[in-house]
Amino acid sequence: MAERYDPGAVESKWRERWEDTELNRVDIDGAEHPFYNLMMYPYPSAEGLHVGNVYAFTGADIHGRFKQLNGNDVFEPIGFDAFGIHSENFALEQGVHPMELIPRNIANFTRQLKRMGFMYDWYRVVDVTQPEYYKWTQWIFLQLYKAKLAERRKAPVNWCPSCKTVLANEQVIDGRCERCSTEVTQRYLDQWFFKITDYAQRLLDNLEWIDWSESTKRLQRNWIGRSEGADLDFKIVGHPEYTIRVFTTRPDTLFGATFMVLAPEHPFVDAITVKKQRATVEKYVKTALALDLVERRKAGEERQKTGVDTGAVAINPATGEEIPIWVADYVLMEYGWGAIMAVPAHDERDFEFAQQYELPIRVVVIPADQYEGFDPSAELEAAFTEHTEDEVLVNSGVFDGVPAAKAIKEITAWLEKENRGNFTVNYRIHDWCISRQRYWGPPIPVIHCEKCGTVPVPEEDLPVLLPFVENFKPDESGVGPLARSEEFLHVECPKCGGAAQRETDVSDTFLDSAWYFMRYPSTDLQDRPFDSERTKKWLPVDTYIGGEEHAVLHLMYSRFITMALHDLGHLPFEEPYKQFRKHGLIVREGAKMSKSRGNVVIPDEYVEKYGADTLRTYLMFLGPYEEGGDFRDQGITGISRFFDRVWDAVVNGELADGEPETDEINHKLHATIKKVTGDISTLQYNTAIAAMMEYLNVIRAGGRTLRRAEVQPLVAMVAPFAPHLAEELWERLGQSESIFSGHSWPEYDPQLAMADEVDIAVQVNGRFRATVKAARGAGQDEVREKALAEEAVQRHLDDKEIKKTIFVPDRLINLLVG
RNA sequence: GCUCGGAUGGCGGAAUUGGCAGACGCGCAGGAUUCAGGAUCCUGUGGGAGCAAUCCCGUGGGGGUUCGAAUCCCCCUCCGAGCACCA
């Protein structure tokens with residue numbers, strides 16, 4: 001009676017064995033071939049592990065196990081991103097205090113993660129809500145504060161009326177809160193900012209050399225949004241004390257600037273508005289500022305442009321003409337200088353505005369082929385084209401006829417010489433607002449003293465403990481719930497000893513995750529955030545695998561924090577992850593998974609039925625890992641059957657000793673090892689699995705007695721995907737050590753991996769007519785002779801003369817006849 | 001609107017990067033086994049014509065380059081993602 005594969009029994013056996021033998025416990029100080037394999041730690045939701053988590057972690061775990069099987073000491077830690085709005089909102093919904101709820105969720109997550117067979121080192125878990133962790137999050141804040149990279153200022157901020165907190169720009173998706181999808185509004189509050197803009201250029205430059213998924217790098221590039229152009233100054237008639245500075249990417253169109261526009265918040269608005277227009281302008285500014293950010297940002301057709309004339313007049317430095325100054329809310333204070341020179345002929349927004357208010361439009365750039373015979377007085381259609389070498393300036397004085405791209409440089413140079421402007425670069429990225437008027441986060445370690453102002457908490461007083469606050473519900477006040485704890489709020493000023501108050505905001509949860517990977521190797525040390533020797537040994541992270549939804553959030557923030565800590569002398573490197581690979585998204589039956597659709601895959605059900613190994617492998621088989629896949633319930637049986645057969649091949653029946661039985665099988669074995677080794681290295685797990693299946697089909701064909709040398713390498717190749725099964729089979733093959741404890745990955749012989757006989761396609765006039773077998777490397781004459789011997793080839797040659805032969809060695813021969 | 005992906009059998013997806021399209025798996029059909037269902041095993045499975053050998057068509061649509069195109073170039077359609085009044 002054949003013994004059947006029982007995943008449940010095999011998996012629980014090895015789960016216990018690994019735990020007893022501490023197989024995945026890494027010798028942090030003693031490891032000889034350190035490899036840091038990181039995956040994005042989850043926030044422990046009450047719903048438990050999502051199949052998306054399992055997908056992400058499995059792909060990363062396979063990578064880690066593969067490295068381990070190849071002789072590395074792989075450190076693969078896990079932790080919990082348990083602070084933050086998401087966790088807190090759930091606690092509110094359930095009416096349970098987060099201090100009670102979160103540990104419960106973490107326990108549940110831990111159980112589920114262990115069931116999946118990830119090779120986590122459970123002796124080094126990070127839980128960001130523990131004081132021994134957030135003490136150091138606060139420490140990082142203090143370091144940035146000292147370096148003047150943290151700054152408190154009043155600013156318009158994104159406010160989520162539902163979560164009742166401020167959000168970073170990165171957390172506003174389509175004008176809505178990324179967590180609860182409520183429309184975001186604008187508020188003016190005192191906020192802490194991290195000056196990530198100081199690092200914009202470096203964050204951009206380093207993208208050139210870090211080994212990351214291209215698409216992720218592109219997202220970051222777009223988000224940083226570098227644009228080159230010029231700052232230039234406009235004089236105001238009758239106000240010699242003011243000049244309006246603008247930023248433009250199109251200095252070549254300067255001669256076409258027929259008016260200027262200030263943002264409603266622009267500091268000069270009040271001062272320069274003429275008496276007659278004062279009431280109108282004041283009213284407009286008031287209305288504009290009352291609009292929330294979302295409404296104001298609605299572009300183009302959605303909302304008509306509005307604006308008012310200040311009555312003031314500026315001088316176009318190029319033409320010397322007087323041009324009117326308007327105020328309009330389509331100009332944003334946050335970008336550039338909050339003021340623009342309007343060139344309606346070459347900017348759609350300015351054009352729309354000019355049409356609406358009947359402002360003059362002057363064309364200054366035209367296609368080069370229209371330059372001959374151009375009449376400068378003629379009316380021309382506005383043209384919103386990119387400046388190319390095919391375009392030249394007109395109506396532009398001495399610059400007439402100059403190609404637009406060249407004119408950008410020449411006009412900028414001229415402005416610089418005149419001291420009226422200069423070349424400059426602008427970035428779209430804004431400073432990172434880290435204040436949150438919420439409860440569930442690390443208190444920002446700052447004290448406000450009436451006498452001394454803002455005083456940082458001395459490092460020796462850290463951590464500033466998050467107090468238990470019974471009613472942690474956020475409210476409309478813009479003041480965080482921590483203000484409700486009298487005991488927390490009132491404190492002595494560390495400087496003068498007088499009565500003072502603590503900062504009541506907590507920091508953004510993205511600050512917790514910006515450095516968690518630095519903590520893992522040092523979780524056992526309480527006197528420093530990370531040990532310098534261990535950091536040198538393990539960091540930067542060798543491979544980081546995670547979702548791309550964090551491209552401009554976590555991944556950008558952690559790069560910034562790493563750079564800042566590097567510059568402050570705390571880290572020997574400035575990029576945190578040597579290699580980053582994004583994984584795709586997993587959908588079900590072609591549709592996104594969501595609770596409302598009711599199509600969420602609960603991993604537990606499948607683990608119960610098929611085992612963790614089968615679920616892991618099936619998830620990887622769905623499609624290319626970096627692109628995601630489509631989960632179909634029936635598909636999992638394919639993997640289930642595959643493992644049944646692998647089991648059967650090893651366990652049932654005698655295995656013969658000696659080399660693989662035939663050269664053909666030996667070749668197939670080596671070719672498979674080569675293919676699987678390559679595919680796993682590049683995260684192409686789906687084709688790696690297909691290759692193993694193909695190999696098994698080959699060796700099982702004909703029901704022959706298998707040889708140990710045919711089967712054992714397969715067991716090793718299966719190990720990253722199905723670690724429990726592989727361990728069991730490894731043991732049954734007579735191995736006494738864990739398959740993961742040594743260098744168990746099979747080697748291949750590159751010569752053997754190539755077949756010595758190949759099929760060569762034969763074409764006649766480009767159409768396939770036959771295949772012939774030939775020795776690898778066979779020459780054209782030999783192949784041609786074989787091809788001509790084929791009956792089908794002869795038929796299509798039809799006795800005509802062969803005019804030309806195209807020969808690709810080992811692949812194809814194409815015979816061309818008249 | 002801008003930027004970037006993508007479209008291949010009934011389905012998920014392969015294709016050595018310009019060289020036999022459809023690997024591998026699911027599903028389906030036929031057969032074996034079974035009292036039966038399930039499981040398992042064999043065989044077949046892009047479409048069309050033919051008893052057959054064989055032939056023709058075929059990678060979203062149209063054009064092109066090439067001895068040869070799923071792959072490269074141009075135009076179009078549809079789907080997805082990110083950004084969006086960023087001057």
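Note on naming: letters A, B, ... go to the chains in the order of the sequence lines (proteins, then strands), and numbering restarts at 1 for each one.
- As judged by a 4.0 angstrom heavy-atom cut-off over every strand, R645(A) is placed among residues touching the sugar-phosphate backbone only.
- Taking atom CZ on F642(A) and atom P on U40(B), their separation rounds to 15 Å, with Å as the unit.
- Nucleotide C55(B) holds its P atom 10 Å from the CZ atom of R767(A), rounded to whole Å.
- A salt bridge links K668(A) with E694(A): the closest approach of a Lys/Arg side-chain nitrogen to an acidic carboxylate oxygen falls below 4.0 angstrom.
- Note that K305(A) lies outside the cation-pi zone of F353(A), set by a 6.0 Å cut-off to the ring centre and a 45° limit from the axis.
- Residue W432(A) is tested with Y557(A), W223(A), F510(A) for a ring-ring contact (aromatic ring centres under 6.0 Å, His included); the sole match is Y557(A).
- Not one side-chain nitrogen or oxygen of R641(A) sits closer than 4.0 Å to the OP1 or OP2 atom of A39(B).
- Rounded to a whole Å, the NZ atom of K668(A) is 13 Å from the P atom of A23(B).
- Closest approach to the I806(A) side chain among C67(B), C20(B), A87(B) is made by C67(B) (side chain taken as heavy atoms from C-beta onward).
- Residue S227(A) is classed as a sugar-phosphate contact, given heavy-atom separations below 4.0 Å to backbone atoms only.
- Y618(A) pairs in a ring-ring contact (aromatic ring centres under 6.0 Å, His included) with only one of the listed residues (F631(A), Y685(A), F642(A), Y610(A)), which is F631(A).
- Taking atom CH2 on W326(A) and atom C1' on C85(B), their separation rounds to 17 Å, with Å as the unit.
- Annotation: cation-pi geometry not satisfied between R581(A) and W212(A) (NZ/CZ under 6.0 angstrom from ring centroid, within 45° of ring axis).
- Between the T672(A) side chain and the Y695(A) main chain, no donor and acceptor come within less than 3.5 Å of each other.
- Checking G25(B), C86(B), C20(B) against the side-chain heavy atoms of F768(A) singles out C20(B) as nearest.
- For the P atoms, the distance from C75(B) to U8(B) is 23 Å, rounded to whole Å.
- Among the heavy atoms of the strands lying under 4.0 Å from T687(A) are primed sugar atoms or P, OP1, OP2 only; no base atom is included.
- Across C67(B), C26(B), C24(B), the shortest atom-to-atom separation from the side chain of N697(A) is found for C24(B).
- Among G25(B), A15(B), C67(B), the nucleotide with an atom closest to any side-chain atom of L816(A) is C67(B).
- When each of U40(B), U3(B), A87(B) is scored by its nearest atom to the side-chain atoms of R349(A), the top-ranked nucleotide is A87(B).
- Using a 4.0 Å heavy-atom distance criterion, R811(A) is classed as a base contact.
- Here L622(A) lies in heavy-atom contact (under 4.0 Å) with sugar-phosphate atoms only.
- You'll find a donor-acceptor pair under 3.5 Å spanning the side chain of Q763(A) and the base of G19(B), going by distance alone.
- Residues D756(A) and R776(A) are not paired through a salt bridge, judged by the lack of any N-O separation under 4.0 Å between the basic side chain and the carboxylate.
- Between G30(B) and G12(B), the two C1' atoms lie 25 Å apart (nearest whole Å).
- OP1 or OP2 of A84(B) sits under 4.0 Å from a side-chain N or O of R428(A).
- Distance from the side chain of Q634(A) is smallest to G27(B) among G27(B), G19(B), C41(B).
- Side-chain proximity of R218(A) to C41(B), G27(B), U3(B): nearest is U3(B).
- Regarding E694(A), its CD atom lies at a distance of 12 Å from the C1' atom of A15(B), rounded to whole Å.
- Within 4.0 Å (heavy atoms only), R769(A) reaches sugar-phosphate atoms of the nucleic acid but no base atom.
- Rounded to an integer number of Å, the gap from F631(A) CZ to G25(B) P is 19 Å.
- Using modelled atom types and a 3.5 Å distance limit, the side chains of S215(A) and E548(A) yield a donor-acceptor pair.
- Annotation: of the two residues near RNA chain B, A339(A) and R632(A), the 5′-most nearest-nucleotide partner is R632(A).
- The nucleotide whose nearest atom lies closest to any side-chain atom of T637(A) is, among G27(B), C67(B), A21(B), G27(B).
- The residue among G623(A) and I636(A) whose nearest nucleotide of RNA chain B lies closer to the 5′ end is G623(A).
- Which of A84(B), G13(B), C24(B) sits closest to the side chain of N686(A) comes down to G13(B).
- If you check every strand for non-hydrogen atoms under 4.0 Å, R795(A) touches sugar and phosphate atoms only.
- Separating the CD atom of E791(A) from the P atom of U54(B) is a distance of 8 Å, rounded to the nearest angstrom.
- Pairing for C24(B) is with G12(B), a Watson-Crick or G-U wobble pair whose two hydrogen-bonding atom distances lie under 3.5 Å.
- L219(A) comes within contact range of the sugar-phosphate backbone alone, with a heavy-atom separation under 4.0 Å but no base atom that close.
- Listed candidates were C20(B), C85(B), C24(B). Nearest to the side chain of A690(A) is C24(B).
- Counting non-hydrogen atoms under 4.0 angstrom, N426(A) reaches nothing in the nucleic acid.
- As judged by a 4.0 angstrom heavy-atom cut-off over every strand, K592(A) is placed among residues touching the sugar-phosphate backbone only.
- As rounded to whole Å, 18 Å separates atom P of A87(B) from atom CG of D329(A).
- Because its glycosidic torsion is within 90° of 0, U17(B) is reported here as syn.
- When the C1' atom is compared between C11(B) and A53(B), the two are found 33 Å apart, to the nearest whole Å.
- Remark: H796(A) is in phosphate contact with C55(B), judged by side-chain N or O atoms under 4.0 Å from OP1 or OP2.
- In this structure, G68(B) is classed as anti because its glycosidic torsion departs from zero by more than 90°.
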